[in-house]
Each structure stands twice: as C-alpha cells, then as structure tokens.
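I have placed the structure first, in the form of structure tokens, so that the comments after it can refer back to it.
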Number of protein chains: 2
Amino acid sequence: MTGSVPPLFPPSDAQYGPADLTLTPAGEPPTLRADAARNRTRLLEAASQLMSCCGATDLTMEAVATAAGVGKGTVFRRFGDRTGLLIALLDHREQQLQAAFLSGPPPLGPDAPPVERLHAFGPAVIKHERDHHELILAARTDPVRNYVVPAARLRLTHVTMLLRRANAEGDAELLAHTLLGYLDTALVHHLVVDRGMPLERLEAGWHDLVARLTTGGDTAA
Amino acid sequence: MTGSVPPLFPPSDAQYGPADLTLTPAGEPPTLRADAARNRTRLLEAASQLMSCCGATDLTMEAVATAAGVGKGTVFRRFGDRTGLLIALLDHREQQLQAAFLSGPPPLGPDAPPVERLHAFGPAVIKHERDHHELILAARTDPVRNYVVPAARLRLTHVTMLLRRANAEGDAELLAHTLLGYLDTALVHHLVVDRGMPLERLEAGWHDLVARLTTGGDTAA
DNA sequence: ACTTTAAACGGACCTCGGTCCGGTTGTTCT
DNA sequence: AGAACAACCGGACCGAGGTCCGTTTAAAGT
C-alpha cells in the first residue's frame, strides 16, 4: 500500500459536511490544505460522474484523475488505493441510511422500541444495498477491510446497542455480527439475483432471526 | 474475464482423486487431454510449493507458470484467473474437512444426532479456517464468488440438511446461511486477530447460536 | 500409418493499479 | 512582506493480471 507516511487510509474520510458532495472533511488531520480539499471534492464528483455512466467495475483511476483535472498520483495520495476511493464514494451515500436509523422517524429511528427498530433495520439495509449493490460489491476487494470501514463499525455498534436495550440474552456483539452477516450485501445479492429468491422470503427470514435473537424481555425491564 | 469459450470456470475442479496432489480431474468435461492434465498437476504442485515459501499474496501467475515449466497462457487457460487457481488449491485442502463432516467419526460425522453435529461443525470449520486463512482470504477477491464455489455449496447443503433433520423451525436454508455467516473466515479473522477476541468466546457464541436456531424438537420426532 | 480436427500451448502484448521523486504551492512564523 | 517548511502535485515508471493468436500436439476417424 502507501509507503508508510499516510496515516493508514489517508485522511480518514469518516464524516464530512451535511449533504451534497460539497464535503468538507473534518476527520483526524485537523484540516486539509485548501487545494487538497478542492481536489478531493473534484475527484469525488468526477468519480461519481464516471460511475453513473460507465459502471463501477470499469472505473479507472486514471480516468478519474483526468476527469478531475489532476494527476494520477493525487488520487492515490488522497484515497490510498482504488478501494479507498470507492469506499469514500460509498461512505457518502451511506449517510442517508445512517441518518435514518440514527435520528429518523419511528420505525427505524430512536422513537421506537429497540426490537421494533431491529425489525425495521433489516429491510432498510437490504433496500439500501439493492440501490447501491454495484458500488458496494466493487468496493469489496479485501474481505477483512469491510469490518474496519467506519460505516460497518457504526452499524455494528448500533445493532449491538439495540440488542442490549432489548435485553437480549447472550453475547450482544456476536449476536450483532450474526444479524449483520445475514444482511451481507454479497449474500443478499447472491440469493436474490443469482438464485431468484423473493424479497419477502428474505425479509421473513430476517424477522424470524430478530425474534430468535432477542429473547429475554421487551423494552419494559 | 475469459472470452467466453471456457465453460465458466474452466474445467470445473470439483472433486479429484483421493488424497495427494495426484489429482485426476473427473469433472464435467469428460476427461482432460493427457498433456493438459499433466500440466494441471504440475501447476498446482508448483503453486503449492511457491505458496509455502513466499506466501499467498506474493504468488505470481508468471512465477507459477515458470516453476511448472509452462507458459503463462496455460495457467489462465486452466484456471481462468488467479482466483481460480487459488480456489483450486483451496478446494483440495478442503477435502480433509469435508471428509470429516461427511463421513468422519461421531461428533462431526453421520453417527451423531444432527444437533450435536451442528455444535461440532462450528469449531471444526473455525479450526480449518485458522489453518488456511491466508489462502482463503487471498482467494476472496470477488465477494459473490464465494457462494458459487463448490466447497461453499457443499457446506450449505450440509448445514441445511442438519437443520432439517433436527426439525428446526423456520426457513432451513436461510438459517443455514446465518450459521455459515457466523463462520465467515473474514469475520473470524477480524474478531480473533484484529480485535483479539478469545476463541472460547467465539465458540460459545456458536453454540448459543446453534441452540437458538434449532428449536422445534430433537432428533426424536 | 495418414489425415483431420479440436484442443492445448506459449509468450508477446495491453491495461491498469500502485509507487516515486523532483518540482510547485499553500501555510505559518518572524 | 519575506523566508522556511511541510504538504501537495503530477506524470514517468514498474509489475502483475489478463488477452490474443499463430503454432504445436494429442486424440479420433479412415
């Protein structure tokens, strides 16, 4: 990967600004130099643009660089590698989903009892994955990297928290991994697309799983 | 990938001979031409050799070809791509595990009640994955491909069968996917290596999961 | 044994991800 | 403002995966 200087995944890319691609990175490295930030935005826009017309698998680093009007080295400096760029792209699209289950309206958001939120979580994630499966799948080169990605960490802590609040018996973190494993994009894609499994069946399976894993009491302690 | 002529993953590579690398492919294309079969063996041996000394990630197709005394094109013709070669290598190493749960002694093999076999299945797979994690992880470039690989299909049908025989309620296939998801190499590796989770905890989680998913009656119907 | 045919072979060739380093440009401190 | 410094930029360069096509060769038919 990068020699060693860039702090393991360049400037982090955890959260940015509010909505559009006008993302002002506010990660670990206090601030990005003006030109660097500008180029970062350009690159993400260019990548997004190219992706929507050519598909994720054909997205070339050099093409992105050219489209953004910068050198290839700049792309790698900013995102580490191709996967890093895709993840950054993805991370941005995830924010909508994250907002939905972190602070959205009831079935998913905090104004519903935890078990209910869990039930709603599955279909929401599946929907999201179906919308972006190409990008998600393309961003999955290194299998272990998925667990390190901020979005994945967030989902894990979220589901773990819901399980705890639901007073589920057992190892909450491992149960959360189990639930998230069921929602794995590759699995869902394989079942639905490759094997033609109807969505209803998949979602029924989810609800069944949630029911099985959340035993030990309702929100009412 | 390959133009189109090779029948989607060249000559299949499902099962071969009994034990050693003296594998005589007996897949779908009736037989391989003599020289092709010979080269196939040579290539697998060379790859295995190189891997044990240089690691899977540094395994170069050209190096394998050279070590086997054939041209690079031959490697690709036979295995489709790098991942195909790694999968073939892996498939071979899996046979020991497969034999264990298909026809081995009791806790795992057919002479034990299904629920007991399921309980034994987890630790066995985890053990296997720990032994070969480098190769397994290296073979995982395309996330969906895992579900198509014969070894994975076999595990799925096996676990599904065990669940059915255990009279587990619910969608056996989906429950099987859930169980196998828990055993995902990348997940196990992440938890144990990256996050230092003790094996005992992981296995306890497995037993708990099996217990939860196999409700509805014992073998005694 | 000879012809025929389809498959296997091999290595030149192309593409693309990733690295490197000399030059450039913000940023900060005095 | 000017200098010093660190970070950024860019594109030449490298290595490895994957493709192509002319040549060779095993297997089947006569």
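First the proteins, then the strands, lettered A, B, ... as listed; each starts at 1.
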| Residues forming a side-chain contact (heavy atoms from CB on, under 4.5 Å) with A:Asp194, sequence neighbours excluded | A:His189, A:His190
| field | Any A:Arg40 side-chain nitrogen or oxygen under 4.0 Å from OP1 or OP2 of D:dC8 | value | no
| field | Residues in salt bridge (charged side-chain N to carboxylate O under 4.0 Å, His left out) contact with B:Arg201, at least two apart in sequence or another chain | value | A:Asp171, A:Glu173
| request: For A:Arg38, enumerate each residue passing the side-chain contact (heavy atoms from CB on, under 4.5 Å) test, keeping only those at least two apart in sequence or located in another chain. | output: A:Asp35, A:Arg42
| query | C:dG17 P sits how many Å from A:Phe79 CZ, rounded? | reply | 15 Å
For residues 64-76 of chain B, dump all side-chain donor-acceptor pairs below 3.5 Å to protein atoms at least two apart in sequence or in another chain.
unit_1	atom_1	unit_2	atom_2	d
B:Thr66	OG1	B:Glu62	O	2.9

| field | B:Ala151: side-chain contact (heavy atoms from CB on, under 4.5 Å) partners, not counting sequence neighbours | value | B:Asp91, B:Glu94, B:Gln98, B:Val149
| Of all residues at least two apart in sequence or in a different chain, which pass the side chain to side chain donor-acceptor pair (under 3.5 Å) check with B:Asp58? | none
| request: Could you note down all residue pairs passing salt bridge (Lys or Arg N to Asp or Glu O under 4.0 Å) where residues 132-143 of chain B supplies at least one of them, sequence neighbours left out? | output: B:Arg140-B:Asp184
| task | Report the C-alpha distance between A:Phe101 and A:His158 in whole Å, list the side-chain angles of each, state the deciding distance to 0.1 Å, and finish with yes or no for ring-ring contact (aromatic ring centres under 6.0 Å, His included). | result | CA-CA 9 Å; A:Phe101 65 70; A:His158 182 67; 4.4 Å; yes
For nucleotides 3-5 of chain D, give me every protein contact, N/O to N/O, under 3.5 Å, one pair per line with atom names.
none

| Can you list the residues that meet the side chain to side chain donor-acceptor pair (under 3.5 Å) rule with B:Thr141, with sequence neighbours excluded? | B:Thr83
Show the distances under 3.5 angstrom between N or O atoms of the protein and N or O atoms of nucleotides 27-30 of chain C.
unit_1	atom_1	unit_2	atom_2	d
C:dT27	OP1	A:Ala34	N	3.2

| task | Assign a letter to each nucleotide of nucleotides 10-16 of chain C from its 5' end: B, base within under 4.0 Å of a protein heavy atom; S, sugar-phosphate only; -, no contact. | result | BB----S
| Over how many whole Å does the gap from B:Arg38 atom CZ to D:dA27 atom P extend? | 10 Å
| task | Tell me, please, which residues at least two apart from B:Ala204 pass side-chain contact (heavy atoms from CB on, under 4.5 Å). | result | none
| field | Nucleotide C:dA7, atom P - distance to CZ of B:Arg78 in whole Å | value | 12 Å
